[in-house]
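Here's the structure we're looking at; comments come further down.
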Amino acid sequence: MAEEKWVMMVTAQTPTNIAVIKYWGKRDEVRILPINDSISVTLDPDHLCTLTTVSVSPSFDRDRMWLNGKEISLSGSRYQNCLREIRSRADDLEDKEKGIKIEKKDWQKLHLHIASHNNFPTAAGLASSAAGFACLVFALAKLMNVNEDPSQLSAIARQGSGSACRSLFGGFVKWNMGNKEDGSDSVAVQLVDDKHWDDLVIIIAVVSSREKETSSTSGMRESVETSLLLQHRAKEVVPVRILQMEEAIKNRDFTSFTKLTCSDSNQFHAVCMDTSPPIFYMNDTSHRIISLVEKWNRSAGTPEIAYTFDAGPNAVLIARNRKVAVELMQGLLYCFPPKPDTDMKSYVLGDTSIVKEAGLEGELPQGIKDKIGNQDQKGEVSYFICSRPGRGPVVLQDQTQALLHPQTGLPK
Ligand code: DP6
């Protein structure tokens, strides 16, 4: 390896994912091994994703990382485990054009610079760690010429954050809990790609929260230690639901999908309540959104909208198709209008064609009023994001998108 001042880099984009059958509880805290399987839908990276540039150079004197422009420490065990695992799989690499040759053994001595950026506010509590660790592992695997398939990479991303393993694929993804002690069979697999069920529209209501929530990591630890309901859920409920959910997804059976998604979200929050001391992730606005959807589905006579909530008050609503999504957006904007000083451009993000089609002028049609019922209390939604099922990670060829400077390897 020549000791010149070259810098090599790779930039990747990785989506975030939302679980429809939740992961909650670990059987191994270090390797991050779950007590049950889970299933998620990957969101379109155009609307929610992480961009990560990883670079290597003989001139770097230590591993460094910048997250959303601020330098962060890589000393935590989650980062260290991911870096160790990926380095141990690195392979020979040659860039003939630049005259660079890195041998397998060199990777142990070479240091890395990493810069990562979310295209959505980190404070929104939208599973940024899932996309973040998946992107880190995916980009490093490309940089270091790691010859492993996405499932094997998912087992590395899992050691950064459990839900990250599901962000290595697009469409609908299952994380098999596995049963080996070393975690080698606790990997994610793709159930179907993003084209399989592309009628679905996903609307996220980012709900303002006043308090800092319990992190997923400590919340699920407390549930494992204290909740009997969690034991029952993992042993008896989830195994059956996983099979039913796989069937519903395969057949694009929205009625079963909605029933399973809503029940699983509600059971996850019931487990949180069954934890001692109880954990409250949803707030009044979250509860109002649940009521609105339940009322809507009842009045439509058949399920048209599914809801799911993670470790926070944000609602993830999955509409059966675009027509329902447009009506739902009209209803949501009626119940949760923007504050007078907020313009629509910053109130509805992502696929804004939905809100354009919804048309904001004039009275809310009676049909929609009937579906949402009497919603006289105004809730607190910070903004909405419209999205859809999306693809898995990709390498970006356009060098101008890199977050690190191609000569110095420092943030741009
Ligand atoms: C409620 O993956 O954030 O979003 O593995 O400790 O990093 P760690 O937890 P994390 O937990 C996600 C929990 C959840 C459900 C889910 O995504 O399945």
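We count ligands from 1, going down the list as the structure has it; atoms in each ligand are counted the same way.
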Only one of T14, N119, N118 clears side-chain hydrogen bond (donor to acceptor under 3.5 Å, both in side chains) with T50; which?
N118

Could you list which atoms of ligand 1 come closer than 4.0 Å to a heavy atom of [X]?
X: A19; result: 16 (C), 17 (O), 18 (O)
X: K26; result: 5 (O), 6 (O), 8 (P)
X: S163; result: 2 (O), 3 (O), 10 (P), 17 (O)
X: M220; result: 9 (O), 11 (O)
X: I32; result: 5 (O)

Could you tell me whether [X] and ligand 1 have an N or O pair separated by under 3.5 Å?
X: R166; value: yes
X: G162; value: yes
X: S161; value: yes
X: T217; value: yes
X: Y23; value: yes

Fit a plane to each ring of W24 and Y281, take the angle between them on a 0 to 90° scale, and name the class: parallel (under 30°), tilted (30 to 60°) or perpendicular (over 60°).
perpendicular

Over 60° means perpendicular and under 30° means parallel, so tell me whether Y347 and F384 are parallel, tilted or perpendicular.
perpendicular

Evaluate the criterion salt bridge (Lys or Arg N to Asp or Glu O under 4.0 Å) for residue pair E85 and R89; output intermediate values, then yes/no.
CA-CA 7 Å; E85 292 293 313; R89 290 164 174 82; 3.0 Å; yes

Under-4.0 Å salt bridge between D264 and R233:
yes

If the threshold is 4.0 Å, N to carboxylate O, is there a salt bridge linking D194 and R391?
no

Dump the intermediate steps for salt bridge (Lys or Arg N to Asp or Glu O under 4.0 Å) on E327 and K323, then the final yes or no.
CA-CA 6 Å; E327 284 185 10; K323 182 175 172 287; 3.5 Å; yes

Contact between ligand 1 and F268 is defined here as a heavy atom of the residue under 4.0 Å from a ligand atom; is it met?
yes

What do you reckon, does R78 put a non-hydrogen atom under 4.0 Å from ligand 1?
yes

How close do L143 and L93 get, counting heavy atoms only, and between which atoms?
O-CD2, 3.3 Å

